[in-house]
Amino acid sequence: MPGPLVEPVDVPTWLRGLVGIAGELDHSTFTRFTPPSDGDVRDAAVLVLFGEDDSNGAGPEPDVLLLRRADEMPSHPGQVAFPGGGADDGDTGPVDTALREAVEETGLDPDGVLPVALLPQLYVPVSGFAVTPVLAHWERPSAVHAVDPGETSAVARVRLADLADPANRFVVRREEGGWQGPAFVVDGLFVWGFTAGLLSVLLSLGGWEREWDTTDVRPLRRALADHGERL
């Protein structure tokens, strides 16, 4: 069930609002898609891992862990994503799935990660997954890297302030079918699709969003080409 896994007072002040409202949200907050009535979906989970980066000497700044999938991957090649993936039979639930996948993909130390809330399952039609986002706080950050270059080409901690910067945001539109959604370009990463949509809502719910130009709509194929990506 979606909702907090800890008391809001157990997380940093900047994260308390998001943890506190987790139980009040449903899938419609994030997506218009619902799972098919026949239930033919596979469970999955992603780790939305918030930390605090103080490497610039200006004090801790909230950030989130992202990765870029390898170009050789058969599905979603080159796309930026949260660590995560499909549930295995041995997983005890979405927290277990998200942490296991994050360790496999980024090499993080799970002992330093505090899961703080579950969001509603979100259906992703293109993959057939019902994805549970697991919000977590990186209490004791560890080194991360692309564990398997055949699956992951890069791992990065991205500042929430950079994601919220209006200069780094626009909308992409798929020419076929008319789908459109938010996108980000930050730290050399082009973020779109499910990941960008989830990030966009979380920025708003967490109180980190800044006003940005939602009328800046760019064709997806052109945006991908501009940033060396492919559909």
Side-chain angles (χ1 to χ4, degrees), residues 1-31 33-35 39 41-52 62-67 69 76 80-124 127-148 151-152 155-158 160 193-195 197-199 201-203 205-206:
M1 291 290 293
L5 299 174
V6 300
E7 294 296 329
V9 294
D10 293 332
V11 300
T13 304
W14 56 267
L15 192 52
R16 289 177 186 173
L18 191 55
V19 172
I21 64 170
E24 303 171 15
L25 308 174
D26 61 27
H27 77 277
S28 64
T29 305
F30 303 89
T31 179
F33 297 111
T34 57
V41 297
R42 183 183 176 193
D43 288 339
V46 294
L47 185 68
V48 184
L49 182 54
F50 295 107
E52 294 159 294
D63 63 14
V64 65
L65 184 66
L66 298 175
L67 59 81
R69 293 167 60 84
H76 311 295
V80 175
F82 298 106
D88 282 354
D89 291 339
D91 293 342
T92 59
V95 171
D96 201 22
T97 299
L99 285 174
R100 175 184 54 76
E101 288 281 343
V103 171
E104 293 175 1
E105 293 172 332
T106 73
L108 63 76
D109 179 0
D111 290 339
V113 175
L114 175 67
V116 298
L118 298 180
L119 296 183
Q121 273 196 332
L122 307 178
Y123 178 56
V124 184
S127 64
F129 281 118
V131 181
T132 299
V134 178
L135 304 186
H137 178 229
W138 213 349
E139 292 185 308
R140 299 186 303 279
S142 53
V144 290
H145 66 286
V147 173
D148 182 353
E151 293 188 2
T152 305
V155 178
R157 297 179 62 169
V158 178
L160 298 185
F194 173 84
T195 303
L198 182 51
L199 280 171
V201 176
L202 291 178
L203 287 175
L205 293 176

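Checked against Leu47 for a side-chain contact (heavy atoms from CB on, under 4.5 Å), the options Leu108, Leu65, Val95 give a single hit: Leu108.
The side chain to side chain donor-acceptor pair (under 3.5 Å) test applied to Asp88 returns Arg100, not counting sequence neighbours. Take His137 and apply the side chain to side chain donor-acceptor pair (under 3.5 Å) test, not counting sequence neighbours, and it matches Glu52.
Using a 4.5 Å cut-off on side-chain heavy atoms (C-beta onward), Val116 and Phe50 make no contact. No side-chain heavy atom of Leu135 sits less than 4.5 Å from a side-chain heavy atom of Val19. In this structure the side chain of Trp138 reaches within 4.5 angstrom of the side chain of Val144, judged on heavy atoms. Considering only heavy atoms from C-beta on, Leu198 comes within 4.5 Å of Pro133 through its side chain. At a threshold of 4.5 Å between non-hydrogen side-chain atoms, the residues Phe82 and Leu49 do not count as touching. Side-chain contact check for Asp43 versus Gln121: some heavy-atom pair is nearer than 4.5 Å.
Looking only at distances, a side-chain donor or acceptor of Thr195 sits under 3.5 Å from a matching main-chain atom of Val80. At least one donor-acceptor pair closer than 3.5 Å links the side chain of Arg140 to the backbone N or O of Asp111. Under the 3.5 Å distance criterion, the side-chain polar atoms of Glu101 are left unmatched by any main-chain donor or acceptor of Val46.
Smallest separation of non-hydrogen atoms from Phe33 and Tyr123: CB-O, 3.8 Å. In terms of heavy atoms, Gly85 sits closest to Thr97 at O-CG2, 3.5 Å. Taking all atoms of both residues into account, the shortest heavy-atom contact from Arg16 to Pro8 is CG-O, 2.9 Å. Annotation for Glu105 and Val155: closest pair O-CG2, 4.4 Å, computed over non-hydrogen atoms. Residue Ala45 comes nearest to Pro94 through the heavy atom pair CB-O, 3.4 Å, listed as atom of the first residue, atom of the second, then distance. Closest of all the heavy-atom pairs between Glu104 and Val147 is O-CB, 3.2 Å.
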Please evaluate residues Leu18 and Val11 with respect to the criterion side-chain contact (heavy atoms from CB on, under 4.5 Å), reporting the C-alpha separation (whole Å), side-chain torsions for both, the decisive distance (0.1 Å), and the verdict. CA-CA 10 Å; Leu18 191 55; Val11 300; over 6 Å; no
Thr31 vs Phe194, test: side-chain contact (heavy atoms from CB on, under 4.5 Å). Steps then yes/no. CA-CA 9 Å; Thr31 179; Phe194 173 84; over 6 Å; no
How far apart are the C-alpha atoms of Val48 and Val134, what are their side-chain angles, what is the distance that settles it, and do they pass the side-chain contact (heavy atoms from CB on, under 4.5 Å) test? CA-CA 6 Å; Val48 184; Val134 178; over 6 Å; no
Test side-chain contact (heavy atoms from CB on, under 4.5 Å) on Thr132 and Leu118; report intermediate values, then the result. CA-CA 7 Å; Thr132 299; Leu118 298 180; 4.3 Å; yes
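Annotation: Glu139, atom CD; neighbour count of heavy atoms from other residues, nucleotides and ligands within 6.0 Å is above 12.
From Thr29, atom OG1 reaches atom CG of Leu119 across 9.0 Å, with rounding to the nearest 0.5 Å. One finds the CG atom of Leu99 at 10.5 Å from the CG atom of Asp109 (value rounded to the nearest 0.5 Å).
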